Protein chains: 2
Amino acid sequence: MTFPVGEIVASRRPHRKDAARNYDALLDAAREAFAAHGADASLEDIARRAGVGIGTLYRNFPTRRDLFESVYADEVNELCRVAGEVAGLEPWEALTTWLRRFTDYMVTKRAVREALNDESEIFQACRESMYAAGGPLFERAQEAGEARRDMDFIDLLRMVAGITATAFDDDAQRDRVLAIALDGVRATAR
Amino acid sequence: MTFPVGEIVASRRPHRKDAARNYDALLDAAREAFAAHGADASLEDIARRAGVGIGTLYRNFPTRRDLFESVYADEVNELCRVAGEVAGLEPWEALTTWLRRFTDYMVTKRAVREALNDESEIFQACRESMYAAGGPLFERAQEAGEARRDMDFIDLLRMVAGITATAFDDDAQRDRVLAIALDGVRATAR
DNA sequence: ACTCTAGCGGAGGCACACCTCCGCTTCAAG
DNA sequence: CTTGAAGCGGAGGTGTGCCTCCGCTAGAGT
C-alpha cells in the first residue's frame, strides 16, 4: 500500500532540531484551531498557541492553504493506515469501524466539508488516497450483500462527513444518528 | 396552531414607508449573506448589498445576533406554516415532504447548525416552535409504523440538518444521500 | 404647505488579522 | 571552540470589519 499524500507534502519538515520542534508545534496548534474555529482560524493565534513567532509560521507555511493542507494530509495518511488494519474484519464490520475512525481522525471537522470540494492538486490527491484506502472496504461490503448498490463510496463519505460536522447534544446522540443513517446504507441489502 | 416566534420578533419592523423598505432589503441581503458566508458574514457588506448605510443596519438590528435571529425566525415561521399544509398527506409522505421543505427554506444552511445549539431565549423559542410544528408529523409516522421508535424528532432534525449543510457535487447527490439516510429512519419499522 | 421628528448615511476611531522584513539567536559541522 | 548560515520573532505597514455619532433628508400628520 502506498501513501502518495505523505510524499507530496511531508518533506517540508525542517532538519534542525529546534526548527523541527517548532514545525510540529505549529501543526498541533493548527489542528486544534481548525477544529475549533474552522478553516479560517486566526494564524496569529495559531502561532501564539504554538509558542512561536508569527514569522516562523510563515516561513514553514507561506500560505494558510499550505498549513491547512499539511494538517489535512496528516489525517488522511492516518486514515489510510487504519484502512489496512481493519482488513481482517467482516466486511460490514470493517467498513463501519473505518468510518468511525473517519469521524474520529477528522478533527478538522468543520473544515473538512469545504476541503471535500476543494479542487487543488493536494486536496485532490488526498481524496484519491482516501478513496483508494476506504473504497475497497465499501465495495467488499457491497459484494457481501451488506451494503446497497445504488450509491457510491463518495456518497457515503459525504453523508458521514455531514453528520459528523454537525453539533450534537452529546456523543451518544451523534453515534445514534450515525448508526441510523448507516442502517439506511444497509437497508435494501437485507 | 400558534406561532410564538413571530410574536416575539416581528414587531420591530418600522412604520414609515421608506424605513420599512430598508428593513426588508436588509433582511433579504442578510439571508443571502448568511447563506453564502455563514453566521459571521460581513455586516458592512450586507448593508452595501441592501443599498442602505451601515447606520441604518445598526439602527434596525443593534447586534449581529438581532439580525440573524430575525432571519432565522422568518424561516422558522415559514416552516411552521408548511407543517399545517402537509397535514393531509399520508404519514410518511407528510414527514418527508416537510423535511424537504426544511432543507429548502433553511437557506441559512451553514449557520443553522450553530443555531440548533444556541442557548439564547429566541433560538430556544424558535426550536420549540419548530418542534411543535414538525414533531407531530414524526410521531404520526411512528404511530403508523412507518418510522422507527428508537430515535426522537430532534435526532432526526440534526441528521437532516447535518446532511443538508454539507457541500455536495450537485442537488441529485444531496437528494440521493438524504433519501438513503431517511431509509435508515424507516428501516426497522418495515 | 409647513413643520418636526423619525430615519438616513457614511466619516472616523478602534481593534484585529494578514504578511514582510531584518537584526538577533542558536544549532551543528568542522 | 569557532563560525556561518539556518532559523527566530515580533515590530510595523496595510487592509478590513465593527460600531458610534451627528449633521442632513424626507415622510407623515396637521
Side-chain angles (χ1 to χ4, degrees), chain A residues 9-72 108 110-111 114 118 120, chain B residues 9-72 108 110-111 114 118 120:
Chain A
V9 173
S11 60
R12 289 220 291 254
R13 188 166 187 270
H15 291 13
R16 235 172 77 170
K17 203 178 8 171
D18 56 343
R21 194 171 42 230
N22 285 340
Y23 181 92
D24 294 341
L26 278 169
L27 275 188
D28 283 351
R31 195 185 337 271
E32 266 183 57
F34 287 141
H37 306 112
D40 47 4
S42 156
L43 297 184
E44 289 191 324
D45 194 52
I46 290 174
R48 212 154 30 229
R49 283 167 194 274
V52 307
I54 184 68
T56 300
L57 184 151
Y58 276 98
R59 198 170 328 97
N60 281 289
F61 308 98
T63 71
R64 169 187 298 278
R65 159 157 303 209
D66 288 322
L67 178 54
F68 184 67
E69 282 176 352
S70 298
V71 170
Y72 186 68
T108 53
R110 292 182 49 157
E114 294 148 41
D118 195 297
S120 85
Chain B
V9 174
S11 61
R12 289 220 290 254
R13 188 166 187 270
H15 290 13
R16 234 172 76 171
K17 200 176 15 168
D18 56 343
R21 195 171 43 230
N22 285 339
Y23 180 92
D24 293 341
L26 279 169
L27 275 188
D28 283 351
R31 195 186 337 271
E32 267 182 55
F34 287 142
H37 307 112
D40 46 5
S42 156
L43 297 184
E44 290 192 325
D45 193 52
I46 289 174
R48 213 154 27 229
R49 284 166 193 276
V52 307
I54 184 66
T56 299
L57 184 150
Y58 276 98
R59 197 171 331 95
N60 281 289
F61 309 98
T63 70
R64 168 186 299 277
R65 159 157 303 209
D66 288 323
L67 178 54
F68 184 66
E69 282 176 351
S70 297
V71 170
Y72 186 68
T108 53
R110 293 182 50 158
E114 294 148 41
D118 195 297
S120 85

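Only this structure's heavy atoms are used, side chains among them; waters, hydrogens and symmetry mates stay out. Owing to the predicted nature of the structure, the values given are computational and were not obtained by experimental measurement. Just so we're on the same page: letters track the sequence lines, and every chain starts at 1.
Spacing between atom CZ of A/Phe61 and atom P of D/dG7 amounts to 13 Å, rounded to whole angstrom units. Here C/dC8 presents its P atom at 13 Å from OH of B/Tyr23, a figure rounded to the nearest Å. One interatomic measurement links the two molecules: CG of B/Leu67 to P of D/dG17, which rounds to 16 Å at whole-angstrom precision.
Listed by chain and number, the residues in a side-chain contact (heavy atoms from CB on, under 4.5 Å) with A/Arg16 are A/Asp18, A/Ala19 (sequence neighbours excluded). Looking at residues two or more places apart in sequence or on another chain, you find a ring-ring contact (aromatic ring centres under 6.0 Å, His included) between A/Phe61 and A/Tyr23. For A/Ala50, the side-chain contact (heavy atoms from CB on, under 4.5 Å) partners two or more places apart in sequence, or in a different chain, are A/Ala25, A/Leu26, A/Ala29, A/Val52. Among residues two or more places apart in sequence or in another chain, the salt bridge (Lys or Arg N to Asp or Glu O under 4.0 Å) test is passed with B/Arg65 by B/Asp118. Shown here are the salt bridge (Lys or Arg N to Asp or Glu O under 4.0 Å) partners of A/Arg49, two or more places apart in sequence or in another chain: A/Asp45.
Side-chain proximity of A/Pro14 to C/dC8, D/dC8, D/dG7: nearest is D/dG7.
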Sugar-phosphate or base contact per nucleotide [nucleotides 16-30 of chain C; S, B, -; heavy atom under 4.0 Å]
-BBBB-----BSS--

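Salt-bridge annotation for B/Asp24 and B/Arg13: present, with a side-chain N of the basic residue lying under 4.0 Å from a carboxylate O of the acidic one.
Contact annotation: B/Asn22 side-chain N/O to C/dC8 OP1/OP2 distance is under 4.0 Å. For A/Thr56, a side-chain nitrogen or oxygen approaches OP1 or OP2 of D/dG9 to under 4.0 Å.
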